[in-house]
Amino acid sequence: MALETSWFNQIGSEFEKPYMATLREFLVVEKRSKTIYPRPSEWFKAFELTPFESVKAVILGQDPYHGANQAHGLAFSVQQGVAIPPSLINIYQELNDDLGLPPPNHGNLTAWARNGVLLLNATLTVEANRAGSHQTKGWESFTDAAIAALSQYRQNLVFMLWGSYAAKKRALIDEQKHLILTAPHPSPLSAYRGFFGCKHFSRANSYLVERGIAPIDWRL
């Protein structure tokens, strides 16, 4: 388990904790007989593409996509050439309504990650075709530590919490130092209850610009 240097300096101590040893053992056993997504080299892709000091905004997901060739380590993102998932289609619709950006013909959000958007799933692995199968195995403790470190040691970040699961992470964030934006999940089941029209993309950039920080380039 290799973590990008700036992140390791912040939360590397998590690797020495008992829960991480238990998680390692669980993953070793799982990989022997099951297909796990994403590939091990992509488990920490969100941290690799968005170093600690580069983070401007955080978008939280729950766990990786569990279909073949979908997950590649970034929340809501799928690899090039893979059908765009319904939630991401709705994210693109809101992006278009909010900023006038045309929906891309792919679902790869790497450009956002390189522009300061930490696309973090609470759980970093999943068994093929079994949604949520690696929840409560230890990953949440690790990703909670990452959110808490950003809250404590950075300032003026935007946390975009979509859905009830992400909203619970509000307790980890210092609202005096950061902007928290909440909305229903972009899933087709809930997007019409307030995700559409939330204008999180423009609101995030307005907040950053007001504080002398370059806005996020949301183009894909």
Side-chain angles (χ1 to χ4, degrees), residues 1-15 38-64 71-80 88 91-92 94-95 98-99 101 104 106-125 139-162 166 169-170 172-182 200-220:
M1 292 185 174
L3 190 63
E4 188 274 335
T5 302
S6 68
W7 278 104
F8 187 83
N9 291 339
Q10 294 293 333
I11 59 173
S13 60
E14 296 297 308
F15 288 102
R39 298 176 298 183
S41 62
E42 295 173 324
W43 290 354
F44 299 107
K45 179 64 73 175
F47 301 100
E48 176 187 327
L49 294 176
T50 317
F52 187 79
E53 296 298 335
S54 299
V55 177
K56 295 181 180 181
V58 181
I59 296 178
L60 293 174
Q62 191 161 355
D63 61 350
H72 65 122
L74 303 177
F76 292 102
S77 181
V78 292
Q79 300 189 73
Q80 210 86 15
L88 187 52
I91 291 170
Y92 285 170
E94 176 59 23
L95 186 69
D98 187 10
L99 297 179
L101 296 178
H106 63 85
N108 192 316
L109 304 181
T110 297
W112 286 2
R114 294 191 187 281
N115 277 287
V117 183
L118 182 67
L119 296 164
L120 184 64
N121 279 317
T123 302
L124 299 186
T125 57
W139 279 128
E140 294 92 338
S141 296
F142 181 78
T143 53
D144 280 358
I147 296 167
L150 286 170
S151 176
Q152 183 173 355
Y153 298 112
R154 294 290 311 280
Q155 290 190 12
N156 302 323
L157 301 182
V158 182
F159 290 85
M160 301 159 92
L161 309 181
W162 299 338
K169 304 299 182 180
R170 188 174 201 137
L172 301 168
I173 304 163
D174 185 344
E175 299 188 46
Q176 303 302 312
K177 296 168 60 180
H178 307 286
L179 175 64
I180 298 177
L181 299 175
T182 60
H200 280 188
F201 303 104
S202 60
R203 290 170 67 187
N205 276 354
S206 294
Y207 176 85
L208 295 170
V209 169
E210 287 168 5
R211 285 152 183 79
I213 302 167
I216 294 163
D217 183 354
W218 292 106
R219 292 174 298 177
L220 291 165

Q: Using side-chain hydrogen bond (donor to acceptor under 3.5 Å, both in side chains) as the criterion, list what pairs up with His178, not counting sequence neighbours.
A: none

Q. Roughly how far, to the nearest 0.5 Å, is the CZ atom of Arg170 from the CD atom of Glu175?
A. 4.0 Å

Q | Ser77 side-chain N/O to Leu109 backbone N/O, donor-acceptor pair under 3.5 Å | A | yes

Q: Measure the acute angle between the ring planes of Phe44 and Phe47, then classify it against the limits of 30° and 60° as parallel, tilted or perpendicular.
A: tilted

Q: Quick one: list whatever passes side-chain hydrogen bond (donor to acceptor under 3.5 Å, both in side chains) with Lys169, sequence neighbours left out.
A: Asp144

**Q.** Straight-line distance of Phe159 CZ to Leu120 CG, nearest 0.5 Å
**A.** 10.0 Å

Q.
When you compare the side chain of Thr123 with that of Gln62, does any pair of heavy atoms fall below 4.5 Å?
A. no

Q. Do you know the tightest heavy-atom contact between Pro38 and Ala71?
A. CB-O, 3.6 Å

Q. Val58 pairs by side chain to side chain contact (heavy atoms under 4.5 Å, CB included) with which of Leu150, Ile180, Val158, Leu119?
A. Leu150

Q: Report yes or no: does His106 contribute a side-chain atom to a donor-acceptor pair with the main-chain N or O of Leu220 at less than 3.5 Å?
A: yes

**Q.** Pairs where residues 145-155 contributes a residue and the test salt bridge (Lys or Arg N to Asp or Glu O under 4.0 Å) is met, not counting sequence neighbours
**A.** Glu53-Arg154

Q | Partners passing side-chain contact (heavy atoms from CB on, under 4.5 Å) against Gln176 (at least two apart in sequence or in another chain) | A | Asp174

(Q) Within this structure, what is the CG-CZ distance for the pair Leu208 and Arg203, rounded to the nearest 0.5 Å? (A) 13.0 Å

(Q) Would the distance check show the side chain of Thr50 and the main-chain N or O of Val55 forming a donor-acceptor pair, the cut-off being under 3.5 Å? (A) no

(Q) I need the Glu48 CD to Glu42 CD distance, nearest 0.5 Å. (A) 9.0 Å

**Q.** Qualifying residues under side-chain contact (heavy atoms from CB on, under 4.5 Å), relative to Glu4, sequence neighbours excluded
**A.** Ser6, Trp7, Pro51

Q. At what distance, to the nearest 0.5 angstrom, does CG of Asp98 lie from CD1 of Ile91?
A. 13.0 Å

**Q.** Pairs touching residues 109-122 that satisfy side-chain hydrogen bond (donor to acceptor under 3.5 Å, both in side chains), sequence neighbours left out
**A.** Asn108-Thr110

Q: State, with a plain yes or no, whether a side-chain heavy atom of Leu157 is found less than 4.5 Å away from one of Leu118.
A: no

Q | Min side-chain heavy-atom separation Lys45-Leu74 under 4.5 Å | A | yes

**Q.** Side chains of Trp218 and Leu95 in contact at under 4.5 Å (non-hydrogen atoms)
**A.** yes

Q. Distance under 6.0 Å and angle within 45° of the ring axis: does Arg211 meet both against Tyr207?
A. yes

**Q.** Whether Asn205 side chain and Pro215 backbone form a donor-acceptor pair below 3.5 Å
**A.** no

Q | Main-chain N/O of Ala214 paired with Lys56 side-chain donor or acceptor, under 3.5 Å | A | yes

Q: Find out whether Leu101 and Phe201 are in side-chain contact, i.e. whether some heavy atom of one side chain is under 4.5 Å from a heavy atom of the other.
A: no

Q | Pairwise distance NE2(His200) to CD1(Ile59) - rounded to 0.5 angstrom | A | 10.0 Å

Q: Look at the side chain of Ser206 and the backbone N and O of Ser202, then say whether any donor-acceptor pair between them is shorter than 3.5 Å.
A: yes

